[in-house]
Amino acid sequence: AVNLIPFWSIRGFFRHFQVPVFMVNIVGNIVMFIPWGFGLPLLWKKRRSVFSAVLFSAMLPLFIESTQLFIGRSVDVDDLILNFAGGMIGAACFLLLRKKVPCIDTLAR
C-alpha cells in the first residue's frame with residue numbers, strides 16, 4: 001500500500017487510539033530518528049547548520065521510504081513526516097545540550 005496523503009495515517013492512529021499501536025507507529029517513528037538528528041552534528045562540525053539538519057533529517061527517511069517501494073513494503077508519507085520530526089527533535093536537543101555543555105564541541109571532527 002502507498003499513502004501519499006499527509007497526516008492520513010496519523011489522524012487514523014489518533015481517531016482509533018490504542019496505546020500499543022500508537023506507541024509503535026507514532027512514537028516509534030519519531031524516537032527512531034532522534035539519534036540521527038543528534039548524532040550528525042555531534043560527530044561532524046560541518047553538519048551543525050539548520051540547513052544540514054533539515055536536509056539530512058529529510059534525506060534518510062526519504063531514501064528509506066523510496067527503497068520500500070522496491071521491496072514490497074508499505075510506503076507512507078506520514079512515516080516520512082514523523083521520521084523528519086524525530087531528526088529535527090534530535091538536532092534541537094543537540095543545540096540545547098551544546099549550550100549547556102560547551103565541551104561537547106571537542107567530540108566532533
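Index from 1, following the sequence. Just so it is clear, the model here is predicted, and its values are computed rather than measured.
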Please tabulate, for side-chain N and O atoms in residues 50-57, each donor-acceptor pair with protein atoms closer than 3.5 Å (sequence neighbours left out).
unit_1	atom_1	unit_2	atom_2	d
S52	OG	S49	OG	3.3
S57	OG	A53	O	2.8

Contact list for residues 36-56, test salt bridge (Lys or Arg N to Asp or Glu O under 4.0 Å), sequence neighbours left out: R48-D105
Stepwise side chain to side chain contact (heavy atoms under 4.5 Å, CB included) test for V2 and L69: CA-CA 8 Å; V2 176; L69 278 169; 4.0 Å; yes
How long is the gap from CG on L80 to CZ on F33, to the nearest 0.5 Å? 9.0 Å
Can you get from V77 to W8 by hopping between Ile, Leu, Val, Met, Phe, Trp and Tyr side chains that sit under 4.5 Å apart? no
Pairwise side-chain contact, I64 with N83, heavy-atom cut-off 4.5 Å (strictly under): no
Between E65 and D76 (side chain of the first, backbone of the second, donor and acceptor by atom type, cut-off under 3.5 Å), is there such a pair? yes
Could you list all the ring pair (Phe, Tyr, Trp, His ring centres under 6.0 Å) pairs where at least one residue sits in residues 84-109, not counting sequence neighbours? F38-F94
Co-membership, hydrophobic cluster, residues I5 and V75, 4.5 Å side-chain: no
Work out which heavy atom in N25 is nearest to a heavy atom in N29; give both atom names and the distance. O-ND2, 2.7 Å
For the student: nearest non-hydrogen atoms of D78 and S9, plus distance: OD2-N, 2.6 Å
Holding to side chain to side chain donor-acceptor pair (under 3.5 Å), I want the full list of residues that pass it with R73, two or more places apart in sequence or in another chain. none
Joint cluster assignment, V101 & L95, ILVMFWY side-chain distance < 4.5 Å: yes
Please go through F17's hydrophobic cluster and name the other residues, only I, L, V, M, F, W, Y counting, with side-chain heavy atoms under 4.5 Å joining them. F7, I10, F13, F14, V19, V21, F22, M23, I26, V27, I30, V31, I34, I81, L82, I89
Who else is in the cluster with L96 when I, L, V, M, F, W and Y are joined by side-chain contacts under 4.5 Å? none
